[in-house]
Each structure stands twice: as structure tokens, then as C-alpha cells.
Q: 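Let me begin by handing over the structure; questions about it come next.
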Amino acid sequence: MFMKDYEKLINLKKIIIYPLLFIIICSYFSFILLIAYYPNWLSQKIFDSSISYGIAYGFFLIFLIFFVTLVYVYLSNKLIEPILKRI
Amino acid sequence: MNIIAVSMFCCFVLLTLYITYWAAKQIRNRDSFYTAGGNITGFQNGLAISGDFMSAASFLGISGLVFASGFDGLIYSIGFLVGWPIVLLIIAEPLRNLGKYTFADVASYRLKQKPIRILSAFGSLATVILYLIAQMVGAGKLIQILFNLPYHVAVYIVGLLMILYVTFGGMIATTWVQIIKAILLLFGATLISVLVMWKFNFNLNTFFDTAINYHRLSEQIIAPGALIKDPISAISLGLALMFGTAGLPHILMRFFTVKDSIQARRSVAFATGFIGYFYILTFFIGFGAIILVSTNPVYLNSDGDLLGNNNMAAIHLAHAVGGDVLLGFISAVAFATILAVVSGLTLAGASAISHDIFSNVIQPNNKDEKKELNVSRIATVFLGVIAIGLGIIFENQNIAFMVGLAFAIAASTNFPIIFLSMYWKNLTTHGAFYGGIIGLVTTITLVILSPVVWVDLFQFPTAIFPYKYPALFSMSTTFIFVILISLADKSPQAKKERAKFNDQFYRSISGKGIEQGKGH
């Protein structure tokens, strides 16, 4: 019973952590690579506004980063903690 | 002399000294000195962590960078912020579950104490001292402008107050000073931003449009500028910022001040929220300054540049939207920020000296907590004096590279050792120690040979190492050498260390066996 819970715990952690890590690394490095390779695209304005794609993407990233931390805390409390209590 | 700023700052100092007095009465043992007894809540710790990150350098520096080149400021902010989910997802909980006072506790959990403690303490102290120099010099210059105090006097005041806070109040005082400052800074920055946006009826479009019209770079301020020129530099800076945070000793230390891994998680989520919000504000402050400060001759010198330098953008903007009162408040907060950040740094350095070097290397059998506590107090005074001395020596040096170097060392030495010790079964003492040293030497060498030191500081015509940011090369060097040496290590000691991994991993996930914060 104990080993089963432990294995379940590790698998669950992987299922939660890997996708979140993937989202963060991809979105951040796509930002960095866009800056390096396609700065012109980032400087274009969105429709008729004075806000560029770069600024919009930057602000989106700030919210995404915060959102990922919230998701992780929520999932950990909801899914991981009950198993930890059992062990 | 700005009377309002001085009186507000004096109020802050009196309050913090009272907190130090209150904290000193509660400090009975090592636990309370290093970790505030583990009684800080996730929310409080989140504020304190965000306070560590919202230094005067990032408040004034990033808003100044936005003021000067717009979008580039955002690249920096996001880089600093993206380190946090990394800390949360892979470092925070195992760190809390395996360590007690310093990250060396974790790195040396199943490895040989002496070499790993020496390496980790060296990595910590290098990061802390580089950071301290940058903060002290910045502090001296800032206070010179804000309060008309001579540079030396400013450095002495900061150094002395910091020694008082840390020696007597330990982590309890350091945390509360940081929390109060974080609240004041968030409040001040919010107020400035709201007052600025109010002038534009909170219309983002008109706001950015006006800034573009007034700035000499015009539309380039909403586009990537000179900060990143080639892909290698871009990735290298990205790596340093992303993984550097997870190797900063003064940040990692804060995870030991909470009760358990649940609170450690919560602290990061709160901290990320506060820091992200703060960076959004600095962006608005920078753009606000373009509109309201760069167009007003009161804030400019005869060449049309900002009085002081670009880092004064936020301070001038405070005056432009809120008059002398807001200027005084923001100046006082900026001073308070420096004090709080250097205190945290010094405490991290002092615990590396007393807990890692003294109690585990010099006197490995020392079980006397009082003695270790005294050593860390002496170490605090020692570091304070060093900080003051270096602050004075580096007054007229170009110190722009120092925070970059600190981040490079954190990402290239501290982070790989922490990460591999937590997650890689085959790590051995030899691998970590020699690989770590090779990584540390590579980082420092590459920074010295890079344009920021070789050209800007030593005045050679061209740099030997062409990139400003070494992390891509130095981080991979450390990882490769630590892994290769560990794999080649066939000693009996290495076998024992590998055998201990499963138990360590179990504890790092479950937190079973950790010392919980004791209620007083």
C-alpha cells in the first residue's frame, strides 16, 4: 500500500510539473528568440493602437507566469497533499 | 535637504530599530536567528521574498531603463520574473524538506560535508559580496542625490544600520524590515502609476501614443532595442536570469523561514504575484516619466539629460505627479529598500560563514549552538565592515557588471549543484566539488574576458570573449563536468552516496523527518 502511494505520488508530481515547466520554458524562450530573430514583428502595432505585439506579449507573459504558479499551488494542494497525508 | 524625505526616513528607521529591539528579545537560539524559528507564514514570506527582489536597483534601474529605451526594460523584468516558476516547480519544496539553514545543507545532504560546504559557501559568498558592492555603491550615489549627504556618510549609515538589524534582530528583524518596505514600495509605486494614468483617463492607447510622440527614439520605444543584439546573447541572458534566481543564497534562505513545503509553495505564488505586479508598475512609471519628466525643464540639465541620471526617472516622476510630499515618500522608501536588501544579503553571507564554514568545516564537532550564533554575529559585523569598505573603494568604478556576474555565478555554480544534488542519483562528492570549481572559474574568467570587464573596465579595444552574458557557456560547462566526473567516480564513497539517494528523494518529496517550526 505504501509503495503504491509513493509511486502514485511521484507520477502525479511529474504529470503536474512537466507540462507547466514546458509552458514556461517554451513561452519565455519564444519571447527571447522573437526578440533575437524577429524584432520587426514584435514592433508592429496591434490594429490601430499604439501598443506593439512585443508589449502585449510581454504583459501576457507576466500574467502567464503568475497563472502557472497559481495552477501549481492549486493542483498540489488538491491532489498531492491528500496522498502525502496518507503516507 | 528635503525635510519631508528626511523625516519620513527617520520614522522608518525608528520603526525598524524598534522591530529589531522586539526581535532581539525573541532570539534565543540558532533557529530564531537564521530562520525566524520557521514561524513566518506563506503570505508574509511571499512579501519578504518580493521585497528582496524589489531592490532599489530594480525599482530605479528598470524604470530608468524603460524611460531610456522603453521595451528593453520589459525584457529584463520578464527575465527576472521567469525565474520564479522555476524556483517553485523544481527547487522550493525539496529545499524546504531537505535543508535547515543554508542551501549547502541540501547540497551536502548525502555528500561529504567538508568539500561541498566549502564550495557552496564560496558560491554564496561570491554572490552575496558582488550583490553587496552593487547595492552599496548604488546606495551611496542615490542617497547623495536624494538627501544631499556625502557619499561616504551615506555608505556608513547604510552599513551601520544593516549591522544593527542583522546582529541583534537576525532573520526576524530582517524579514519584518523587508515586509514593511515591500508594502511601502508597492504602495508608492501604485500611487505614482495611478496618478500618471489618471492624467490619461486610464486610456492605455493615448498613454503610449503620447510617450511615442515625446521620446526621441519615437516608435522604437515599443520595439526591441539595443539590449539584445544576437541570438547567443539573447539565450545566454535568458538562461542566467531564468536559473540565476534559483541559485541566489539570500532568496533560497527565505524558504527555511516557513513551516513546511505547503507554505514554501504559497510563498512563491504570492511573491510571483507581487513581483509581476511591481514590474508592470515600473513599466508604467518609465513611460510616465517619458511624458511628464523628459518634457519638463525643471528635471533636466543644460544638455537636456535627466538630473542625476536615467535611474532618477521614477524619483522625478514622483515629484511631477505628487509634489514634495510624494517625492519625500519615494526617496525615503528607496533608502529603506536599500537597507532591507543589504540586510538580507548580509544574513545570507553570515550564515554561510557560521553554519557552513565554522560549524561544519573548521569545528565539525561543534554542537554548541550559542557558539555558532556568536560566530554568525561576528560574521555579520565583518561582512558589514567589508561592505562599507568595498562600497567606498568602488565609488568611482564601473559596477554595472556586478549584478550580472552574481547572477552568472548563481546560475552556473550554485544552481547546477543544488539541482543535481536533489534530482540526480549519480552525483558524487568528487563530481560536485571539482565540477563546481571548474564551473566557478569558467564563469569568472568568461566575465573578465567579456566586453563588460575587458573593454568597459580595463579599457582594452576588443574583448576576448565576445558575449556580454556567459551563462550559456558557463552553465553548460558546470553541468558537463559535474556529470562526467561523477560518472567516472568509482570510489567506495561514491557508491555509498548513490545508495543514499532514494532515501533523500523520498524525504525531499514527502517532507517526512523535517524539523517543523516550533511555536514559542
Side-chain angles (χ1 to χ4, degrees), chain A residues 5-6 9-10 13 16-21 23-25 27-29 31-77 80-81 83-85 87, chain B residues 42 70-72 74-75 77-79 81-82 84-86 88-90 93 204-212 219-225 227-235 237-239 241-242 261-262 265-266 268-273 275-277 279-280 283 505-506 509-512:
Chain A
D5 266 346
Y6 184 50
L9 185 68
I10 291 176
K13 280 218 141 196
I16 297 173
I17 291 176
Y18 288 167
L20 293 178
L21 213 52
I23 293 173
I24 288 294
I25 291 178
S27 57
Y28 177 57
F29 277 97
F31 180 63
I32 289 288
L33 292 174
L34 280 173
I35 292 167
Y37 287 105
Y38 300 103
N40 292 333
W41 183 79
L42 286 178
S43 25
Q44 276 172 32
K45 292 178 176 175
I46 301 176
F47 305 116
D48 278 340
S49 73
S50 303
I51 298 162
S52 65
Y53 281 102
I55 292 178
Y57 195 6
F59 275 65
F60 165 73
L61 268 179
I62 294 181
F63 286 109
L64 180 75
I65 290 168
F66 181 49
F67 182 68
V68 163
T69 62
L70 288 184
V71 169
Y72 177 72
V73 171
Y74 176 77
L75 290 179
S76 293
N77 288 343
I80 303 282
E81 288 306 321
I83 305 181
L84 272 180
K85 283 217 178 77
I87 292 185
Chain B
F71 182 76
D72 280 2
L74 194 60
I75 303 178
S77 315
I78 289 170
L81 193 64
V82 81
W84 285 104
I86 302 293
L88 175 63
L89 295 173
I90 56 186
E93 293 167 51
L204 282 181
N205 208 22
T206 358
F207 177 64
F208 284 115
D209 216 25
T210 320
I212 292 170
E219 301 218 328
Q220 287 172 31
I221 56 166
I222 55 166
L227 183 69
I228 292 178
K229 290 196 192 73
D230 60 296
I232 303 272
S233 301
I235 295 169
L237 174 69
L239 282 174
L241 293 178
M242 192 169 202
S261 56
I262 303 176
R265 269 199 304 265
R266 289 176 51 133
V268 188
F270 280 120
T272 313
I275 298 168
Y277 171 67
Y279 285 148
I280 292 175
F283 197 68
F505 192 68
Y506 173 66
I509 283 189
S510 69
K512 294 289 177 303

Q: Kindly determine whether A:F29 and B:L239 satisfy side-chain contact (heavy atoms from CB on, under 4.5 Å), including the steps that lead there.
A: CA-CA 9 Å; A:F29 277 97; B:L239 282 174; 3.9 Å; yes
Q: Treating B:N205 as the side-chain partner and A:S49 as the backbone partner, does any N or O pair qualify as donor plus acceptor under 3.5 Å?
A: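 Not at all, since once roles are kept as given, no pair shorter than 3.5 Å links the two residues.
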Q: Quick check on A:L20 against chain B: is it the side chain, the backbone, both or neither that has a heavy atom closer than 4.5 Å?
A: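 Both backbone and side chain.
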Q: With sequence neighbours left out, what residues match A:Q44 under side-chain hydrogen bond (donor to acceptor under 3.5 Å, both in side chains)?
A: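 With sequence neighbours excluded, A:Q44 shows a side-chain hydrogen bond (donor to acceptor under 3.5 Å, both in side chains) to no residue whatsoever.
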Q: In Å, rounded to the nearest 0.5 Å, how long is the span from CD of A:E81 to OG of B:S261?
A: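 Taking CD in A:E81 and OG in B:S261, the distance rounds to 6.0 Å.
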Q: So what's closer than 4.5 Å to chain B heavy atoms on A:Y53: side chain, backbone, both or neither?
A: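 For A:Y53, neither part sits under 4.5 Å from chain B.
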Q: Under 4.5 Å, counting heavy-atom pairs only, tell me which of A:I16, A:L42, A:L21 racks up the most with chain B.
A: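 Heavy-atom pair counts peak at A:L21.
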Q: Can you find a pair of side-chain heavy atoms, one from B:R265 and one from A:S76, that are under 4.5 Å apart?
A: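 Yes - at least one pair of side-chain heavy atoms lies under 4.5 Å apart.
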Q: Name every donor-acceptor pair, under 3.5 Å, that has one atom in a side chain of residues 59-71 of chain A and the other anywhere in the protein, sequence neighbours excluded.
A:
from, atom 1, to, atom 2, distance (Å)
A:T69, OG1, A:F66, O, 2.6

Q: Give a yes or no on whether the backbone of B:I222 and the side-chain of A:S52 come within a donor-acceptor separation of less than 3.5 Å.
A: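 Yes; judged by distance alone, with no hydrogens or angles, the pair exists.
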Q: Can you tell me which portion of A:N77 sits under 4.5 Å from chain B's heavy atoms? Options are side chain, backbone, both or neither.
A: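 For A:N77, the contact with chain B is made by backbone and side chain together.
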Q: Can you list the steps and then say if A:I80 with B:I509 is a side-chain contact (heavy atoms from CB on, under 4.5 Å)?
A: CA-CA 10 Å; A:I80 303 282; B:I509 283 189; over 6 Å; no
Q: Given that the side chain runs from C-beta out, which part of A:L9 has a heavy atom under 4.5 Å from chain B: side chain, backbone, both or neither?
A: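 Contact with chain B is through the side chain of A:L9 alone.
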